[in-house]
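Each chain gets a letter, A, B and so on, in the order the sequences are listed, and its residues count up from 1.
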Number of protein chains: 2
Amino acid sequence: MATIYEVAALAGVSPATVSRVFNGLTVSEEKQRLVRDAAARLAFTPNKTARRLRKQSSEIIALLIPDIENPFYTALARGVEDRAQESGFSVVLCNTDDNPGKELRYLQIAASEQMAGVILSPASDEVDLGAIVSLGRPVVAVDRTTPYPVDAVKIDNRAAGIAATAALFDAGYRRIACIAGPAGIEMTEDRFLGWRQVVAARGTGTHEGYLQHANFRVEGGHAAMKALLALDTPPDAVVTTNNLMAIGALQAIAEAGIPPETFGLAAVGELPFMVLAPATVVQVRLPARYLGRTAATMLLDRIGGDTQPLRTVVLRAEVSPPVPPGKGLAL
Amino acid sequence: MATIYEVAALAGVSPATVSRVFNGLTVSEEKQRLVRDAAARLAFTPNKTARRLRKQSSEIIALLIPDIENPFYTALARGVEDRAQESGFSVVLCNTDDNPGKELRYLQIAASEQMAGVILSPASDEVDLGAIVSLGRPVVAVDRTTPYPVDAVKIDNRAAGIAATAALFDAGYRRIACIAGPAGIEMTEDRFLGWRQVVAARGTGTHEGYLQHANFRVEGGHAAMKALLALDTPPDAVVTTNNLMAIGALQAIAEAGIPPETFGLAAVGELPFMVLAPATVVQVRLPARYLGRTAATMLLDRIGGDTQPLRTVVLRAEVSPPVPPGKGLAL
DNA sequence: GAAGTCTAAGAAATCGATTTCGTCAAGAGT
DNA sequence: ACTCTTGACGAAATCGATTTCTTAGACTTC
């Protein structure tokens, strides 16, 4: 591939002039023409590695997500990518598997690769952002906040938990359990607090074992649902705090021979690739792609020099389908 | 972050010696100890941009996939990532949306970013690998082959189409249609030729309109299935040539009020997040993660200097669940 | 005509790691 | 004791783009 020196030689100017032409600095029209002609003839593409070394930064954003196989996160990734590409940035997608060790490794890569900024969904409250923050690289946390001085975009998780649970009560269910993610994760806590609040307000109380903690994956939801169904007084409905645990719960319900339309299920998050009738499950729709897009806008603003005070943007979820009163959902 | 010069100054050696220590060249034990101590004290992390500029390459692989929201491709990506990380390589995931323009742009990025190699599922037979191949960067094509001199890993697609179709005949269906991806894509062609071969061999022939081409997405399968159901003589079963089109077909079947267990459906590819009884759908399981892992192994071998002749590795699919004879699948 | 100012453009330093070339010291052989 | 060989290590070039500093020429003013 041609270098700036070859373009300069062909155009009869200095390499500095070639650089000025492509970076929009002042160069006479005559010499601009010479440089562009030469570059076109040589099919010149600037070497980004050299530029990155000299400028000490890049046009790359690191995006750290905990589960690449969760469609919530792939939708979020597309939102980040949409916005980043509008500004000429590339996105490196880093799948952490909710593993703090992998997450730290990716953060170190972001630092040593001079990425311009990081968007991440932290694997835990103990995520170590010290190195990247101390380098002055902007960070935006999504879906979960951190104690570090970084911007954040999140869902109103408590309201989402409330909406999911209220929908089940409105549909006539009375023994409503909750399958939550791992304890200690802020998003999990907020969502099941929403469940608990509605259960307390509607006066039915909860049974022992009606709150089950699971991992966020399909198999976590599956195991938790089996545990719920094995109780002396099983629930007649369940709220899951994410989409994949709802899938697992549905599988367990089907395996138990329960027709899905007679058991109440509300998920915080859209179920991917739904083939059941839409009324079978209440889905609290999370704006994942917009969440990603918002996070990228905030990060790009910081990269561009934005020095406004740190802020947290909170997005809202919405319930789908809207729930009419009465027993069961499949009306 | 500390540079190699600062480590050298603290250790009392030259920068070249520091570089030699970390790159395993011959350095006296005494000086090795001095360098390692100094590096630890300064928390030295080598600047990969500088190294990449001097060495003219990087430890990054570009992975170009057509649909990040298709779990087949996220599983493939995990396989690539698994293997790459074993060798200290990072993977940049590039989502092309089956768009040749986006694909070309990502290939140009791979070239100008000096990525060590590329794994891609080509958006079309006309993909332009000229620039990246002429730079000598290794390329491995997955899932689809190309006319360029590159290695490939693929599924035995024809056999997969045959297996899916045969399973439906074995289950007792007789009017078996096919929902295939866009015409002209090798993988599509091979899979529906497998369908056509079995239909011809079993002597039932096909009806006008029994072969529907769609895009590979859920909505493509949905529209194609509605078109099939609207025929004067609708089919009693269908083969879809990928997983997401099966999802769309199932949605259309449910919307038409047909119990899914009475309609035959076989998909080439595992349906993601299945909540129907496993016997409802025949799934031809594709080893996506292993496909990714194999592609990465081949690419890393090339990056490492492998000069064996170009080769294509063909992996096999398997049918799940195994199909007993008789009408319908839900036995 | 001389002095001062401004602008375009070239020379060279810079970014940080790697690698090439040259030097010096130690060891072996005669 | 001298010569030759080998290995460790330092100096400096290299990768390619950007940017700083300097210079030359054009223009204006007195």
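Taking 4.0 angstrom as the limit, N23(B) places a side-chain polar atom (N or O) nearer than this to OP1 or OP2 of dT18(C). The side chain of T17(B) contributes no N or O atom lying less than 4.0 Å from OP1 or OP2 of dC9(D). Between K55(A) and dT19(D) there is a side-chain polar atom (N or O) within less than 4.0 angstrom of OP1 or OP2. Taking only side-chain nitrogens and oxygens, R51(A) comes nearer than 4.0 Å to OP1 or OP2 of dT18(D). The shortest distance between the side-chain N/O atoms of S19(B) and the OP1/OP2 oxygens of dA17(C) is not below 4.0 Å. Close to dG10(C), at under 4.0 Å from its OP1 or OP2, lies a side-chain N or O of K31(A).
Across all strands shown, F22(B) has no heavy atoms under 4.0 Å from either base or sugar-phosphate atoms. Within 4.0 Å (heavy atoms only), V27(A) reaches sugar-phosphate atoms of the nucleic acid but no base atom. In this structure, S28(B) reaches the sugar-phosphate backbone alone: every heavy-atom distance under 4.0 Å involves primed, P, OP1 or OP2 atoms, never a base. Note on V13(A): only backbone sugar-phosphate atoms sit closer than 4.0 angstrom, heavy atoms only; bases stay farther off. Heavy atoms of R52(A) sit nowhere under 4.0 angstrom from any nucleic acid atom.
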Enumerate all atom pairs, one protein N or O and one N or O from nucleotides 24-26 of chain D, separated by less than 3.5 Å.
none

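Here dC9(D) presents its P atom at 11 Å from CD of E29(B), a figure rounded to the nearest Å. Distance CD1 (I4(B)) to P (dC15(C)): 15 Å, rounded to an integer number of Å. One interatomic measurement links the two molecules: OH of Y5(A) to P of dG10(C), which rounds to 14 Å at whole-angstrom precision. One atom, CD of E6(B), and another, P of dA17(C), lie 9 Å apart when rounded to the nearest Å. Here dA13(D) presents its P atom at 17 Å from CG of L53(B), a figure rounded to the nearest Å.
Looking at T17(A), its side chain never comes within 3.5 Å of a backbone N or O of V13(A) through a donor-acceptor pair.
Of the candidates dA8(D), dG16(D), dA17(C), dG16(D) carries the atom nearest the R54(A) side chain, counting heavy atoms from C-beta on. Considering only side-chain atoms of A16(A), the nucleotide from dA12(D), dT19(D), dG16(C) that sits closest is dT19(D). Residue T3(A) has its side chain nearest to dG16(D) when only dA17(C), dG16(D), dA9(C) are considered.
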